[in-house]
Structures are given as C-alpha cells and as structure tokens.
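Single-structure report; data block below.
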Amino acid sequence: MGEKSVKITIAGRAYPLKVNASEEAFVNDAARRINERLIQLESKYSVKDKQDLLAMTALQFATQYLEAQQKISDENTALLSGLAAIETMLDAHISKPGAVS
C-alpha cells in the first residue's frame, strides 16, 4: 500500500497529510473524534479560544490513552501470573511418579 494525500480539518483548519492507504480511515476517524470533542468542550465551557480547546482535547485523549495502556499492562501481568500457575501445576503433574511423559 502506498502513500495517499488526504486533507483533514480540525477546529476549522485544514491540514494536508500523506498517509498510508491503510491508515486513512484511522486518520479520518481521529479527526472526527477530535472535532466532536472540541464541540462538546466548547458547549460545556465558556472557553472560546480554539488553542485552549485543542489543549484540553489533547489532555483528555492522552489521559484515555495512558489509562488504556495501564489496563493492558495490568491484564498482561494477570495473564502471565495465571500462565505461570498453570505451568507450575503441569510441572508438578508431570514430575509425579507414574505420570506419562
């Protein structure tokens, strides 16, 4: 897949980008989500400066990203712990006299 030129609009400003064709849908979806969040923040708070709204949006998305990373890390730790317990049980079973090797 080659690069593709796309134009996205965020906070009323157009940004020309070159993206892999496989990334185009993600980039468009990300821009849509950013714009939706900007509209939500603009209606919820009396902030009218787009720069402040963009900073607030970036902070919200970064926080969500970090929370998701932590959740994945916690789940991986739990999974590895469970696999270690299974391995211990298997080793104990295999080492019993009369166990099939």
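Note: hydrogens, waters and symmetry copies are ignored here, and every other heavy atom, side chains too, is used.
Checked by atom type and distance alone, the side chain of Ser81 never pairs as donor or acceptor with a backbone atom of Thr77 at under 3.5 Å. A donor-acceptor pair under 3.5 Å links the side-chain atoms of Asn35 to the main chain of Ala11, judged by distance alone.
Between atom CD of residue Glu87 and atom CE of residue Met89 there is a gap of 11.0 Å, rounded to the nearest 0.5 Å. To the nearest 0.5 Å, atoms CG (Leu59) and CD (Gln64) are separated by 10.0 Å. Atoms CG and CG, from Leu79 and Asp74 in turn, are 12.5 Å apart once rounded to the nearest 0.5 Å. Thr88 OG1 to Leu83 CG: the interatomic distance, rounded to the nearest 0.5 Å, is 10.5 Å. Separation of atoms CD1 (Ile72) and CG (Asn76) is listed at 7.5 Å; rounding is to 0.5 Å. The OG1 atom of Thr57 sits 9.0 Å away from atom CD of Gln40, with the distance rounded to the nearest 0.5 Å.
Enclosure of atom CD in Gln69 by more than 12 non-hydrogen atoms of other residues, nucleotides or ligands within 6.0 angstrom is indicated. By the 6.0 Å contact criterion, CD on Gln51 is open, its count of non-hydrogen atoms from other residues, nucleotides or ligands being 12 or less.
Grouping Ile, Leu, Val, Met, Phe, Trp and Tyr residues whose side-chain heavy atoms lie under 4.5 Å apart, directly or via other members, places Leu41 in a hydrophobic cluster with Val6, Ile8, Ile10, Tyr15, Leu17, Val19, Val27, Ile34, Leu38, Tyr45, Val47, Leu53, Leu54, Met56, Phe61. Residue Leu80 shares its hydrophobic cluster (ILVMFWY side chains chained together at separations under 4.5 Å) with no other residue.
Between Asp29 and Arg32, some side-chain heavy-atom pair lies under the 4.5 Å cut-off.
Salt-bridge formation is not detected for the pair Lys4/Glu23: no Lys NZ or Arg NE/NH1/NH2 atom is positioned less than 4.0 Å from an Asp or Glu carboxylate oxygen.
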